[in-house]
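Everything numeric in this text was worked out from a predicted model, so none of it was measured.
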Amino acid sequence: MAERIEDYAMIGDCETAALVSHRGSIDWLCWPHFSSPACFAALLGTEENGHWSIAPKDGKPGTRRYLDHTLVLETRFETDEGAVVLLDFMPIRGGTCCDLVRIVRGVRGTVPMTMQLVLRFDYGRSVPWVTRTENGGIRAIAGPDMVLLKSPVETHGENLKTLAEFTVHQGETVSFVLTYALSYEDPHEPSDAEKALEATVRFWRDWAGRSKLNGGYADAVERSLITLKALTFQQTGGIVAAATTSLPEWIGGPRNWDYRFCWLRDATGTLLALMNAGYFDEACAWRDWLLRATMGSPDQAQIMYGIRGERQLLEWEVDGLPGYEGSKPVRVGNAAAVQLQLDVYGDVADTFFQGHLGGIPGPETSFALQRALTDHLATCWNLPDHGIWEVRGEPQHFTFSKVMAWVAFDRTIKTSEKFGLQGEVKWRALRQGIHDEICERGYDPKLGSFVQAYGSKEVDASLLLMPLVGFLPFTDPRIRRTVEAIEKNLLVDGFVLRYRTEHVDDGLPEGEGAFLACSFWMVRALQMLGREDEARRMFDRLLGLRNDVGLLAEEYDSKAQRQLGNFPQALSHIALINAAFELGRATSPGRQRGEASSAQPEVHGSGSDGSA
């Protein structure tokens, strides 16, 4: 059985990532890329579905940390006989061959160790053919996939597993290098473990040293930035939403999705997080990925793409994997890719606009594409959609979807005005018309709040973003009362739900944890409403939810006090970074987006009681 989600740490090489438990077991790894089939899938099943453990014989969990300013994981095991540290990392190499390196160092005494390697390709379903190599290692092949193990430790096969027992003395070092290659190509020479460690530490420390961070939250922001970098596919600049698929949003429930793809709605928050931290190269690479992915016929634009911009993300269920703690189904691909979600048009337009403002040079094709997408949006903005939360129920007129449609027209107009590009007069009238409609149909005067969808009586945490994207200022009483309504209805033990699943038909059974990104949005809202002490207290509580190495999943179950959902979650860390910048005041992502427009929209019919 897999460990709790927060008992894992991530290592990676900016092409894929592995999850390592505090017991020294790698229970998840997709090779060679984030969205490749897993060769270690114990996270979603049992050890028989693939894992690689190295640990003392006594089996006790270790304590761990990342080496300062790196993604190199150090786990320390204390036993009655002595102590060892286990260093886990993936060298930054590129190409079709990649390595996973594990180094055991003796710290004190003599520690008996065990190693168990269970390779199962294709999400735990394919047992490879294993043979010995000339240098005493092993070679495992199944179809196109090949993995080689190199180590001075003698191994033996038993019950379709590769096993070893060895002893580590004080001052001694034992290394293991696992190399992936295509079975029909000659693999590269496996990395020298010690040289690879030195190069990997240097890479991450050089990268972290480029940041522009200060203040009390600098360490937390740096760890989130390193996590974001690790979720970046370096060949294209695409950033996956998480390293995993099908970790449940509620234990035992069916809200289990594949997050190993790149979502457009994360675009602006990601861009601002990177630019404000000083990572303009990464911000430019992300913007360029976005540009390439969305190129094509505007009516075929999707809400997510693969790491290279792939469009075919067909969703299917993996037979034979029982799911994390029995949470079925295990899904590969994501059917939401073909949904209509109007909010992504606003994020694409805002990303291009913020990139221009930040000084990222944009090709001439970027505005031509933005114009084409905006023209297409003019034909469909008034349709019901599946919304920011990708409901599996019937489409609705979601208020936030309409807000982001307004953002799309607003930012395209402003891009045209500010940078001397050709704009369209018709967009101005449409922008104002959408604004008027939202204030009339998306606001309930009796509730004194904006609502999740036209005609609904429910609030939605996405409404916290309305002032942050510049739709209305925080001084508007309707915004203040909407924040208060979300506090009243969606706060659970101090953390924010997306919406009440028991009150909303989203096509799925009820039940999920508090959404961590929404909770960080609340921090920003409180800060910008002038409730700074409350904002900081909430932010500090959210930081306390991170695991021992600073990582966050998508959601949190406050009753069971455990993390839920795919892990680590890029959106949670993006929201953390932007909230920290908001609290730091020197850089305010909310003001960057909210005050980007050169003119505020006309506000029609706003009374002193905040009704529209």
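Salt-bridge formation is detected for the pair Glu48/Lys161: a Lys NZ or Arg NE/NH1/NH2 atom is positioned less than 4.0 Å from an Asp or Glu carboxylate oxygen. A salt bridge does not link Arg93 with Asp13: every distance from a Lys NZ or Arg NE/NH1/NH2 to an Asp or Glu carboxylate oxygen is 4.0 Å or more. Ion pairing between a basic and an acidic side chain is recognised when a charged N comes within 4.0 Å of a carboxylate O; Glu512 and Arg500 show no such pairing.
Other residues, nucleotides and ligands place no more than 12 heavy atoms under 6.0 Å from the CG atom of Asp186. Around CG of Asp219, the count of heavy atoms belonging to other residues, nucleotides or ligands within 6.0 Å does not exceed 12.
There is no side-chain donor-acceptor pair under 3.5 Å between Thr75 and Arg65. Side chain to side chain, Trp207 and Glu282 meet the donor-acceptor criterion of an N or O pair below 3.5 Å. Asp557 and Trp250 are not linked by any side-chain donor-acceptor pair at a separation below 3.5 angstrom, with hydrogens and angles left out of the test. In summary, the side chains of Gln563 and Glu555 do not present any donor paired with an acceptor at a separation below 3.5 Å, with no hydrogens or angles considered. Donor-acceptor pairing under 3.5 Å is recorded for the side chains of Glu554 and Tyr259. Of the N and O atoms on the side chains of Tyr499 and Asp506, at least one donor lies less than 3.5 Å from an acceptor on the other residue. Side-chain contact check for Trp389 and Gln452: no donor-acceptor pair (N or O, by modelled atom type) lies under 3.5 Å.
Between the side chain of Arg205 and the main chain of Asp68, a donor-acceptor pair closer than 3.5 Å is present. Side chain of Ser327 to main chain of Gly252: a donor-acceptor pair is present (N/O by atom type, distance under 3.5 Å, no hydrogens or angles). Trp28 places no side-chain N or O within 3.5 Å of a backbone atom of Leu44 that could act as its donor or acceptor partner. A donor-acceptor pair under 3.5 Å is formed between the side chain of Asn566 and the backbone N or O of Trp257. Not a single donor-acceptor pair under 3.5 Å links the side chain of Thr70 to the backbone N or O of Val201. For Thr79 (side chain) and Ala83 (main-chain N/O), no donor-acceptor pair under 3.5 Å exists by modelled atom type. Side chain of Glu3 to main chain of His22: no donor-acceptor pair is present (N/O by atom type, distance under 3.5 Å, no hydrogens or angles).
Distance OG/Ser246 to CZ/Arg260: 8.0 Å, rounded to 0.5 Å. In this structure, the separation between CZ on Arg105 and OG1 on Thr173 is 4.5 Å, given to the nearest 0.5 Å. With rounding to the nearest 0.5 Å, the separation of CG in Asn49 from OH in Tyr123 is 13.0 Å. Interatomic distance, CG of Leu100 versus OG1 of Thr179, reported as 9.0 Å (0.5 Å rounding).
In this structure Arg308 satisfies the side-chain hydrogen bond (donor to acceptor under 3.5 Å, both in side chains) test together with His33, Glu310, sequence neighbours excluded. Under the ring-ring contact (aromatic ring centres under 6.0 Å, His included) criterion, Phe261 pairs with no residue at all, not counting sequence neighbours.
The side-chain heavy atoms of Ile239 and Leu228, taken from C-beta on, include a pair separated by under 4.5 Å.
Within the cation-pi definition used here (under 6.0 Å to the ring centroid, within 45° of the axis), Arg331 does not qualify as a partner of Trp316.
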Donor-acceptor pairs under 3.5 Å, side chain of residues 162-169 to any protein atom, not counting sequence neighbours: which ones?
from	atom 1	to	atom 2	distance (Å)
Glu165	OE1	Lys57	NZ	3.2
His169	ND1	Thr110	OG1	3.1

